[in-house]
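For reference, the structure discussed in these notes is given below.
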Amino acid sequence: MLIDSREFKDPQQLTADVCIIGGGISGIVLANELVGTGKSVIVIEAGGEEFDEESQKLYRVKSFPENFPDPANMRLRMLGGSSNHWENSTERFDPIDFVKRDWVADSGWPIDYVDVAKHYSRAGDYCGVETDGYDVEPWLGKKDFKNICEGSNQFKPALVKSALPPTRFYQKYSERLNRSDNITIVSYATMTDLDFDLESEQVRSIEFESTTRIKSHVSATLFIFSMGGIENPRLLLQINEKYNNALGNRFDHVGRYFMEHPVIRGAHFYPIGAKKIPTGYSGIFDRVRLLKLRLKMVESAVLKHRTNNLRIFFVPQPKTILSHGISSTHIVFDNLSQAEWPDQFGMHLSNILGEIDLVADAFSRKTLDTALVSDATEFGGYQVLAMIEQTPDRENRIYLDEERDRFGIKKVNIDYRVTDIDKKLALKTLQELSIDAGLSQWGRLRLLPERSSRIWGEQLGFSAHHMGTTKMATNEKQGVVDSNCQVFGAKNLYMSGSSVFPTGGHVPPTLTITAMSVRLAETIKQRLGV
Amino acid sequence: MNYQRRKVTQAIIALFFSDNVSAIGHQEARINELLNNQDNFQGVLGECLEVYRHWLAVEGDSPKAFFDALNANAQSDAQWIRKEIQRDFEVNRLLTVQGMVISKTEAVILARIGEGVVDKGNQFVWHQNSPSKRLV
């Protein structure tokens, strides 16, 4: 059943066995897993079935770092959450992602790969990419899926699967949820407060407010926060101000270890001769799926080089994009426009003069819409993009501002950086790739370390993957939730979604969010005796 | 307009990965032919000069000795050159020139050509006493 809270005339006192706060991917999966269990479930969702600009505005944060994408645009405040605009790119985490690695600070999950992997098949079904797994071997040799690192003992292809069209979780499951007799979804309902009994360490109820300003309450046996990597800690921090950090924050972990998946453009790849990267790396249509290959480092090489996990993909680009001259022109102009003299001016000047034809062509195309160099837009090579695992960093955090939104919830600030260690490890991996590209005789890599300030500045990409902030740990000295996602110090409160990830891996998190949600649903069912 | 376009790759491809070039030893005429066929002949020479300068900075000596040893082995055997390049990558015998990671065998040949090139500011020309001068 779907209830629009804007239709409430009076405050409501609702009761349920389970109250899920947040109707995004994780919340929808949790609710769907509880359909038909005979246990009543209420899902509180701040948005509605359709995109609503006024609702979306409430995702605005007070501040975030330069070059970091505005979090208000990176997620959607509506039923189905960010699945309403995602690419549906799915891939499994690796076993090594769950392991404590002494060169990756604060790494290691309190659960192992198998605990999550057993739910990947079902998660694949949820994501619309079917249940045939992610082993790449069966695909090699078919449909132009090739291993371009044949002979390499450091890199191998990995399979990425996307559904076409992308799976919108609410659209896909709304009929089943709304027809079920034990699931109630309340839309346009923003959680504003929580009543916690310090003695019994139990949440008694939550308060929510409709956009028409009617305040209501839900009492439940179990509560699950499922609002994403920024809103989960935001609400938990605000609640903890009332309860002296009793809810998972006695050791100041809530909001910390915020992670993303930085994407760097750290190299160019030039295939030798007429060899092109096989089309399997761009994506091949398979029934209702798009299958792509990426390159990844094999586990033994990750261990050998003591590096972070990452995945690499190749984007065909025209000569203009790969031009050092054009890049240097931008750098010089950017610096001069800020009344600063660029570093390594001589090198930039040399680059500009060396490709003065391409620079002039780019200028002419932009200002006069006239081409000077006929082959400037022809294929020139590949841009090498690397999505990297970010080392958990306690100083990367979500914290509350004193300014409040219209529901009285404090806005958040985001502190975020990519550490020098992560930068160094990512470039080291690209160095290894350049060796293997030579070994496999596919081509040569040009590393771009001299562009460091750009690679890690304005050219740095992000993936809208907000992770960490309520991390899973073996005890409350190290994290916010235990291995079952239960908040330390709150016996009936759980966190769901990527906020519990102690490390973020190197692949999009949604498949793992979904698998973890299925896992949490099993915990909830056990606890309720289902 | 293609003066000094920076493409180490193209220089490498031109010299070693075309079926027209069997090796360096007695194949200078074919190298010459290839270089002349490149639309960015000046760019390739510029890159060779860049590799030569890098070689001097890293190795501290002329590439001649290394080149001569290579030349004696290579003669007209293109497969030998390819294997040697492959071996360079296997044993990490590599140079990084302007970010481009290349094998030392590739580098020394480019550097040897670059040794005979003079940067005149607006074009590259062969040095008067360059052994490579006869290539053009």
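Lettering of chains follows the sequences in order, A, B, ..., and the numbering in each one begins at 1. Values reported hereafter were calculated over all heavy atoms of this structure, with side chains retained and with hydrogens, waters and symmetry mates removed. The model shown is predicted, which means the values in this text are computed figures rather than measured ones.
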Quiz item: Does B:Arg93 CZ have over 12 foreign heavy atoms under 6.0 Å away?
Solution: yes
Self-check item: Closest contact, heavy atoms only, A:Arg444 versus B:Met100
Solution: CB-SD, 3.7 Å
Exercise. Please look at B:Asn92 and chain A and tell me whether the side chain, the backbone, both or neither of the residue comes under 4.5 angstrom of a heavy atom of that chain.
Key: side chain
Exercise. State, to 0.1 Å, how close B:Val97 and A:Arg446 come at their nearest heavy-atom pair, and which atoms those are.
Key: O-NH1, 4.3 Å
Quiz item: More than 12 non-hydrogen atoms from neighbouring residues, nucleotides or ligands closer than 6.0 Å to CG on A:Leu303, yes or no?
Solution: yes
Quiz item: Under 6.0 Å from the NZ atom of A:Lys423, do we count more than 12 heavy atoms belonging to anything else shown?
Solution: yes
Exercise. Kindly give the heavy-atom pair with the smallest separation between B:Glu90 and A:Leu439, and that separation in Å.
Key: CG-CD2, 3.2 Å
